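Below is one structure, written out as structure tokens, with a few remarks after it.
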Amino acid sequence: MLDIKFIRENVEVVKKSAIGKGFDINFLDELLRLDKDRRTLLGEIETLNAERKKNTDKEKGKEIKELLGKKETEFRLISEKFDDLMLRVPNLSADDVKIGSPEKNEVIKTVGEIPKFNFKPKDHVEIGQLTDILDIERGTKVAQSGFYYIKNDGVFLEQALINFAIHKLVKKGFTVLITPNVAKEKNVVGCGYQARSEKERQIYHIEGEDLDLIGTAEITLVGLHTDEIIDGEKLPIKYAGISSCYRTEAGSYGKDVRGILRVHEFRKVEMVVFCKPEDDLKIHNELLAIEEELWQELEISYQVIKMASGDLGSAAARKYDIEAWMPSQNKYREVTSTSSTTDFQTRRLNIRTKIDGQNIFPYTLNGTVFALGRAMIAIMENYQKEDGSFEIPKVLKDFVGKKVIEIKK
RNA sequence: GGAAGGUUGGCAGAGUGGUCUAAUGCGCCGCACUUGAAAUGCGGUAUCCCGGAAACGGGAUCGGAGGUUCGAAUCCUCCACCUUCCGCCA
């Protein structure tokens, strides 16, 4: 959420930034009109309240009460609309972000060697069948398309990725958590994940409860401090959370239907940092560096993409993706994403920090450590051998307990 | 699922119809005293609205909504959440 005062005084800046992100911002004039009406009414209500307090006359008291009732109803109506529109105003993109559609995304770095195979590389679905570590068909049978089983050594591989990641992150000063996989809608909306429309809703809702299945632990990690005041001395606070993630993937029918690249449920290790505004860039670079370090240690080739404004989404001010090499597709595919959301989320969730006696909204940043399904795909495909077996990256060997995952006899 | 108790400022916590401009304590910020610190003293300490360049001034806000009343933190109703006990259960 942006500060309404900022919006009032910088309408053109807000418009320009939103258009750069590809958002329809036609409602901005209505928002400003509602803001004006809302404040006028609030003034009237407060004056009436003050009168009511002082008044001792019976007749006049009743009069005031009646008028107050009308004004309050009107106020509530306007406020509701106002709040709704406020939530639809996207965050500003950072100054260093290129304005433009996703085609303007920039590859800022390519690291590592693309593996050369003297056979036609298989995809993870085939490798998963041959090694018997994935059962996608039965996931579909028991649950639905987009759900899958991980079996046998696959289980150890996923656990290995988690362990490898959290050991590293603890050393880097992160507090590790296993978070709830559900959260009240307030936290979902607070992080900027509200649906643009019901049709495109990405989040599963639990019927009859004020609970959504989380799409990422970002929601539960940022939500940790909802309605709290964080001591400025404690910043930066760094969290790494393990959770399941649920996505309806509405609007992406037909994309990546094969395998487990795009699914409704997966597990992920996610970083969230609360920091002082002036540390934004520094922390963002740190998060990206951690993500790169992990892929370097896995010895898998990757690219770092700096997203143009059109690919930022509502909350992000700046975003980098890492794309890892996927041999079966002969291209790099997204495996991590790290964003700065400035004070967009903390404003919505009323998370403040006290620095020298002053309350300000801290900045939040997030970044993927491992989207475990996608990391597994990358390992399976990049480390595959001709028969469909694959090696375990050196850094994971001790965690998995073996060097190769063999095909099932 | 059943029952009881609770929700007040950064925290603890008082407050059962007007004097609440919300006690008191702690924390934090500033100032004074001090070589420095501690201790002490004084002042401040949230959010929103209006006016103002600012300093500041005025007003509103005691979980949410509704009701009773001239008047509600305080009484009544509903809702949300929290705690404890019971039941069920990994």
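Per chain, numbering begins at 1; letters A, B, ... match sequence-line order. What you see is a predicted model, and the numbers here were worked out from it, not measured in a lab.
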Salt bridge (charged side-chain N to carboxylate O under 4.0 Å, His left out) for K122(A) and E381(A)? Distances and angles first, verdict last. CA-CA 7 Å; K122(A) 300 176 174 55; E381(A) 293 194 2; over 6 Å; no

Residues R8(A) and D3(A) bridged, charged N to O under 4.0 Å: no

Could you tell me the Watson-Crick or G-U partner of C56(B), where both distances fall under 3.5 Å? Say none if there is no partner. G51(B)

At a heavy-atom distance below 4.0 Å, what parts of residues 65-84 of chain A sit against RNA chain B? K65(A), R76(A)

Could you tell me the separation between the NZ atom of K36(A) and the P atom of C49(B), rounded to a whole number of Å? 15 Å

Verdict with reasoning, K81(A) to D84(A), per salt bridge (charged side-chain N to carboxylate O under 4.0 Å, His left out): CA-CA 5 Å; K81(A) 278 191 213 156; D84(A) 187 56; over 6 Å; no

Rounded to the nearest angstrom, tell me the gap between atom CG in D231(A) and atom C1' in G27(B). 10 Å

Here the distance between atom P of U7(B) and atom CG of D227(A), to the nearest Å, is 18 Å

Taking any strand in view, what nucleotide pairs with U35(B) in a Watson-Crick or G-U wobble way, both distances under 3.5 Å? none

To the nearest 0.5 Å, tell me how far T336(A) OG1 sits from I322(A) CD1. 4.0 Å

Of the candidates C48(B), C81(B), A72(B), the side chain of L42(A) sits closest to C48(B)

Rounded distance in Å - CD (E46(A)) to P (C50(B)): 9 Å

Please state the P separation for the pair U61(B) and A54(B) - nearest whole angstrom. 26 Å

Looking at C26(B), which nucleotide sits across from it as a Watson-Crick or G-U wobble partner, both distances under 3.5 angstrom, or is there none? G10(B)

Verify whether one side chain among T341(A) and T364(A) offers a donor that lies under 3.5 Å from an acceptor in the other. yes

Return the orientation label for the H264(A) and Y204(A) ring planes: parallel under 30°, perpendicular over 60°, tilted otherwise. perpendicular

Pair assignment for C20(B), Watson-Crick or G-U wobble, requiring both distances under 3.5 Å: none

As its Watson-Crick or G-U partner within any shown strand, both distances under 3.5 Å, U61(B) has A46(B)

Return the value, rounded to whole Å, for the distance between atom NZ of K354(A) and atom C1' of C28(B). 6 Å

In whole Å, what is the span from the CG atom of N359(A) to the C1' atom of C11(B)? 14 Å

Starting from P on A46(B), measure out to CD1 on I360(A) and report it in whole angstrom. 15 Å

In whole angstrom, give the distance that lies between atom CZ of R8(A) and atom C1' of C49(B). 10 Å

Pairs touching residues 222-243 of chain A that satisfy salt bridge (Lys or Arg N to Asp or Glu O under 4.0 Å), sequence neighbours left out: K186(A)-D227(A), K238(A)-E286(A)

Looking across every strand, which nucleic acid part, if any, lies under 4.0 Å from R52(A) by heavy atom: base, sugar-phosphate, or nothing? base

